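None of the values given here were measured: they were computed from a predicted structure.
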Amino acid sequence: MATIRVRFAPSPTGHLHVGGARTALFNWLFARQNNGVLVLRIEDTDLARSTKESEEVMLNDLKWLGLHWDEGPDKGGDFGPYRQSERLSIYREYADKLLAEGKAYHCFCTDEELEAHREQRRAEHQTPHYSGKCRQLSDAEKEKLKRAGRTPAIRFKASAEDINIKDLVRGNVTFPQGMIGDFIIMRSQGYPIYNFCVTIDDALMKISHVIRGEEHLSNTLRQIMLYKALGFPLPTFAHLSLILAGDRSKLSKRHGHSSLGQFEDKGYLPEAMINYLALLGWAPTTLSGDVEEMLSVEEITRQFSLEKVNKSPAVFDLDKLNFLSGHYIRRLPPEKTLELARPYLEQAGLVDENTDQAWLTEVVMELRGHLHCFSEITQHTDVFFKNELKPESDAEWEMLKAPGVTDLLSGLKGKLSGLTAISPEEFFALIKELKKEFGVKGKALFMPVRIALSGQQHGPDLGKLVSLVGPANCVKRIESALQNL
RNA sequence: GUCCCCAUCGUCUAGCGGCCUAGGACAUCGCCCUUUCACGGCGAUGGCGCGGGUUCAAAUCCCGCUGGGGACGCCA
């Protein structure tokens with residue numbers, strides 16, 4: 001059996017989109033489980049929008065996810081170059097071939113003429129196709145236009161036949177003939193157009209399965225015409241449904257969380273992202289009854305199948321990503337947890353290289369129960385890093401102002417004063433003494449103490465908190481609370 | 001407008017004619033655990049878009065409608 005070869009072909013015109021990431025993932029999974037090859041190709045024929053920076057960002061995003069490719073601009077391979085901007089002579093060669101065979105022709109129409117024509121067609125409720133105007137230009141007319149300073153684009157003669165697409169996800173899709181007009185394959189400036197490049201590259205790179213987003217389904221029609229005209233064998237197609245935003249329109253920048261890089265920056269875990277993306281449009285065969293949805297990459301690879309990929313579009317659900325990422329964070333070993341949390345703590349100016357490693361690890365482990373991503377950690381750090389903690393709600397003030405609380409807190413302060421360190425057990429022993437001395441217990445005992453020490457009704461285990469913050473800081477906090485009463 | 005695609009809880013989905021009084025996950029709500037919150041455990045609420053067929057039997061097959069999406073570029 002021939003080697004399975006798939007490709008991911010982003011255009012470097014911005015960030016890596018969440019949808020693009022899923023497409024890359026599915027290609028990668030498919031290649032992996034079939035012992036195939038994943039090709040990374042950069043589609044940078046849009047000179048105006050493509051940037052080198054964007055290309056780098058995209059490669060890094062892919063690497064962050066853990067998706068590696070076998071052939072690509074940075075890796076080389078037998079079918080390079082892998083950047084379309086470096087394959088221009090190839091496209092020109094094939095364009096000339098089509099021209100020579102009469103399957104394409106020069107088109108001298110200007111943008112304005114084309115736009116005017118489209119407008120008119122639309123006004124007449126017709127499909128806004130190209131008219132084929134330049135198709136029958138005589139040599140004399142062409143010469144005249146050239147002398148007038150017009151440089152022609154190359155237009156492909158669309159074939160007049162129904163086109164059938166065999167698609168692994170969608171089954172058979174047929175487009176009736178006459179759906180599209182003659183389309184440009186080479187710009188007047190001499191650069192090729194997307195549909196032309198993809199076809200040539202996919203064919204020359206021996207891509208066996210084209211797995212991509214559904215927005216390309218109608219492009220496939222053009223590409224099939226080109227495959228046929230060029231005499232290339234057809235690959236197998238698989239069009240993945242789109243990822244939608246909450247308003248059910250295509251997920252885009254304006255929806256806020258469309259770029260993969262954002263999730264990396266916020267400190268989401270790549271394994272959670274993989275898990276989430278895989279579940280978006282695909283479900284493991286074992287899914288039913290009491291089945292785990294937390295899947296490792298290995299498990300996903302083992303079970304993945306294009307036939308099981310859903311046809312209907314899926315809404316990107318941040319809640320579920322949050323759940324998965326939080327779940328994975330809670331399963332991280334302490335050292336790793338610290339390593340990932342540290343940059344956010346440093347950025348907030350809370351820690352530096354001198355901060356005690358063991359202490360910080362405990363703090364981070366105490367906080368991680370709340371996290372969906374590591375950047376959220378700074379929302380919870382005050383209790384460990386600030387000594388002036390002012391309650392915000394009236395309920396908290398009331399509990400502090402309850403009768404006897406001043407004496408209670410003074411008592412606690414007295415017991416903590418002079419100590420250099422205290423364990424949770426020792427702290428609770430002190431609390432026990434207070435309980436006897438002041439005759440308070442339960443909520444009436446713990447809440448004022450908690451609020452004085454943490455500024456809030458809620459927070460980490462008091463023993464943990466006190467042992468980590470230390471007696472001296474606790475004394476400061478109690479003093480600060482007492483002053484405000 | 002034309003063409004194509006899609007349609008099960010709010011969201012992601014299981015379901016491929018009888019195991020479905022439709023299963024799971026997230027979210028929501030409640031209970032438990034806990035001195036509090038979070039975590040964790042348990043439970044609840046909630047869905048087959050509509051109308052026709054086909055069949056002994058339809059979420060599952062067919063048709064129509066409705067709704068949503070995508071594409072119609074010298075963008076990819």
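Contact between the side-chain N/O atoms of A/K250 and the OP1/OP2 oxygens of B/rA71 is found at a separation under 4.0 Å. OP1 or OP2 of B/rU34 has not a single side-chain nitrogen or oxygen of A/K443 nearer than 4.0 Å. Distances shown here put a side-chain N or O of A/R118 below 4.0 Å from the OP1 or OP2 atom of B/rC74. Contact check, A/R187 against B/rC75: a side-chain N or O comes under 4.0 Å of OP1 or OP2. Considering only side-chain N and O atoms, A/T45 lies under 4.0 angstrom from the phosphate OP1 or OP2 of B/rA76.
Atom CG in A/L221 sits about 14 Å away from atom P in B/rA71, given to the nearest Å. Here the P atom of nucleotide B/rU11 and the CG atom of A/L244 are 11 Å apart, to the nearest Å.
Note that A/R222 lies in the cation-pi zone of A/F183, set by a 6.0 Å cut-off to the ring centre and a 45° limit from the axis. Judged by the 6.0 Å distance and 45° axis criteria, A/R155 is positioned over the aromatic ring of A/Y130.
Between the base of B/rG24 and the side chain of A/E293 there is a donor-acceptor pair shorter than 3.5 Å. At a cut-off of 3.5 angstrom, the base of B/rC3 holds no donor-acceptor pair with the side chain of A/S218.
The CD1 atom of A/I163 sits 7.5 Å away from the CD1 atom of A/I180 when rounded to the nearest 0.5 Å. The NE2 atom of A/H216 sits 11.0 Å away from atom CD of A/E214, with the distance rounded to the nearest 0.5 Å. One distance of note links OG1 of A/T45 with CE of A/M186; it measures 10.5 Å at 0.5 Å rounding.
Nearest approach of A/S11 to A/M58, heavy atoms of both residues: O-CE, 3.4 Å.
Between A/Y91 and A/F196, the angle of the ring planes lies from 30° to 60°, which puts this pair in the tilted group.
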Set out, line by line, the N/O atom pairs under 3.5 Å between protein and nucleotides 4-9 of chain B.
from, atom 1, to, atom 2, distance (Å)
B/rC5, O2', A/R170, NH1, 2.5

Close N/O contacts between protein and nucleotides 29-32 of chain B (under 3.5 Å):
none

The contact string for nucleotides 60-65 of chain B, one letter per nucleotide 5' to 3', using protein heavy atoms under 4.0 Å with B, S and - for base, sugar-phosphate only and none, comes out as ------
Please evaluate residues A/Y94 and A/T199 with respect to the criterion side-chain contact (heavy atoms from CB on, under 4.5 Å), reporting the C-alpha separation (whole Å), side-chain torsions for both, the decisive distance (0.1 Å), and the verdict. CA-CA 11 Å; A/Y94 281 100; A/T199 305; over 6 Å; no
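Using a distance-only test at 3.5 Å, with no hydrogens or angles considered, no donor-acceptor pair links the side chain of A/R83 to the main chain of A/D44.
Pairing for B/rC72 goes to B/rG1, judged as Watson-Crick or G-U wobble with the two contacts each under 3.5 Å.
Ring centroids of A/Y276 and A/F316 are separated by less than 6.0 Å, placing the two rings close together.
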